[in-house]
Amino acid sequence: MKFQVSSTKLLQQMQALSRVIAAKNSLQILETVLFRIEGNELHLTASDGETTMCTVISVEGEGSGKVSFDAKRLLDTLKEFPEQPLTFEINDQNFGLNIVSSNGNYSFVGVNGAEYPEMAQQLEGAQQFVIPASVLLGALNKTVFCTADDELRPVMNGVFFDLSPEKVTLVATDAHRLVRYINFTAHTESPANFILPKKPANLLRNVLAKEQDDVKVTFTDKHVRFEFGQTVIVCRQIEGRFPNYNAVIPQSNENRITVDRQTILNAAKRVAVFANPGTGLIKLSLSENKINISAQDIDFSTSAEETIECSYQGAAMNIGFKAPFLIEILGAVQSNDVVIELSDPSKAGLILPFENEEGEDIVMLLMPMLLND
């Protein structure tokens with residue numbers, strides 16, 4: 001087998017595929033990338049046993065066959081090439097590889113591609129829906145950061161897709177914070193749901209950033225398949241019952257703050273530097289049209305406070321939040337102004353964009369921390 005390919009084009013695909021490969025694998029072959037050559041098409045596949053990604057690039061090829069090469073070695077080699085055509089010469093008998101560049105030759109040995117685990121081509125009895133790549137990317141960007149790393153509650157380690165004929169809802173929570181994203185432009189024929197693990201969700205965020213096409217999502221009760229452009233990603237779902245997310249979102253909040261998002265975000269970042277590293281606690285003292293943000297670390301005699309202007313409707317109140325969580329949520333909001341709705345210092349606060357983008361509805365929830373006042 002032999003083919004010629006652009007070094008930059010192959011490097012871009014290898015970088016995306018390398019994110020699939022786990023640091024430690026039960027099967028040694030999962031540390032490789034499968035090359036399947038069919039004339040002028042090169043099919044590349046990477047897997048960790050749970051998530052599999054396949055993409056296709058155009059090459060000038062001769063022959064057909066399958067062979068796997070060590071992903072790290074190949075990626076490290078490609079990183080050092082400037083843009084140029086590379087010729088891959090593969091021995092069909094011993095799977096030896098010779099890469100010919102404009103300046104030299106690089107040789108190593110692969111393994112028989114027939115040993116590589118097959119990716120399921122079709123999911124029997126599956127449901128499907130289509131969603132624009134930009135919509136799915138935006139939805140994942142606004143939810144993935146709230147997923148947990150909890151071995152005891154694995155259902156929280158992914159993004160919950162709640163699908164209906166009217167809308168698509170994505171939810172993520174780690175029990176301290178929650179994001180519910182609704183898009184009314186995408187829908188399914190009948191109600192359904194699944195939990196997408198964090199790893200393929202982050203993988204999608206990376207590859208969808210360069211996509212303009214629609215994404216076809218196909219799913220059964222075990223697997224989810226995403227198809228867009230020349231790329232296919234198939235992963236195993238997280239099994240289990242996701243919590244009733246609507247039940248934990250407070251509906252009546254008498255105290256309402258409207259504030260410039262960047263102003264409160266920057267103030268929180270500055271004050272958080274002086275918070276206790278163990279708790280990350282910052283205090284928000286709310287009064288008429290002002291928020292006083294403060295933090296202290298008694299052990300090291302450090303403290304900080306900052307007052308910013310806002311529009312506040314409600315009673316004077318002190319409430320505490322974990323600074324990294326508050327900063328991350330404020331960073332995920334897209335609008336210039338944010339609305340913070342509170343009922344009392346012991347109940348969850350809601351952080352909302354002042355104006356939702358067309359066809360969207362976003363609610364972010366953050367649990368408070370106990371103050372020692």
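What's counted below: heavy atoms across the whole structure, side chains too, no hydrogens, waters or symmetry copies.
- Residue pairs satisfying the ring pair (Phe, Tyr, Trp, His ring centres under 6.0 Å) criterion with at least one member in residues 160-185, sequence neighbours excluded, are listed as follows: Phe160-Phe242, Phe161-Phe194, His176-Phe325.
- Checked against side chain to side chain contact (heavy atoms under 4.5 Å, CB included), Ala114 has the following partners two or more places apart in sequence or in another chain: Asn112.
- Listed by chain and number, the residues in a salt bridge (Lys or Arg N to Asp or Glu O under 4.0 Å) with Arg177 are Asp174, Glu328 (sequence neighbours excluded).
- Grouped by direct or indirect side-chain proximity (heavy atoms under 4.5 Å, Ile/Leu/Val/Met/Phe/Trp/Tyr only), Val273 sits with Phe274.
- Listed by chain and residue number, Asn98 satisfy the side-chain hydrogen bond (donor to acceptor under 3.5 Å, both in side chains) test with Ser107 (two or more places apart in sequence, or in another chain).
- Under the salt bridge (Lys or Arg N to Asp or Glu O under 4.0 Å) criterion, Arg256 pairs with Glu341, not counting sequence neighbours.
- By the 4.5 Å side-chain criterion applied to Ile, Leu, Val, Met, Phe, Trp and Tyr, Tyr116 is assigned to a cluster that also includes Leu27, Ile29, Leu30, Leu34, Val111.
- Residues that satisfy the side-chain hydrogen bond (donor to acceptor under 3.5 Å, both in side chains) test with Thr258, not counting sequence neighbours, are absent from this structure.
- Partners of Phe226 according to the ring-ring contact (aromatic ring centres under 6.0 Å, His included) rule, which considers only residues two or more places apart in sequence or in another chain, do not exist here.
- The stretch residues 81-100 participates, sequence neighbours left out, in these ring pair (Phe, Tyr, Trp, His ring centres under 6.0 Å) pairs: Phe3-Phe88, Phe81-Tyr106.
- Taking Glu189 as the reference, nothing meets the salt bridge (Lys or Arg N to Asp or Glu O under 4.0 Å) condition, with sequence neighbours excluded.
- With sequence neighbours excluded, no residue forms a side-chain hydrogen bond (donor to acceptor under 3.5 Å, both in side chains) with Lys216.
- Cluster membership for Tyr312 and Ile340, using ILVMFWY side-chain heavy atoms within less than 4.5 angstrom, is shared.
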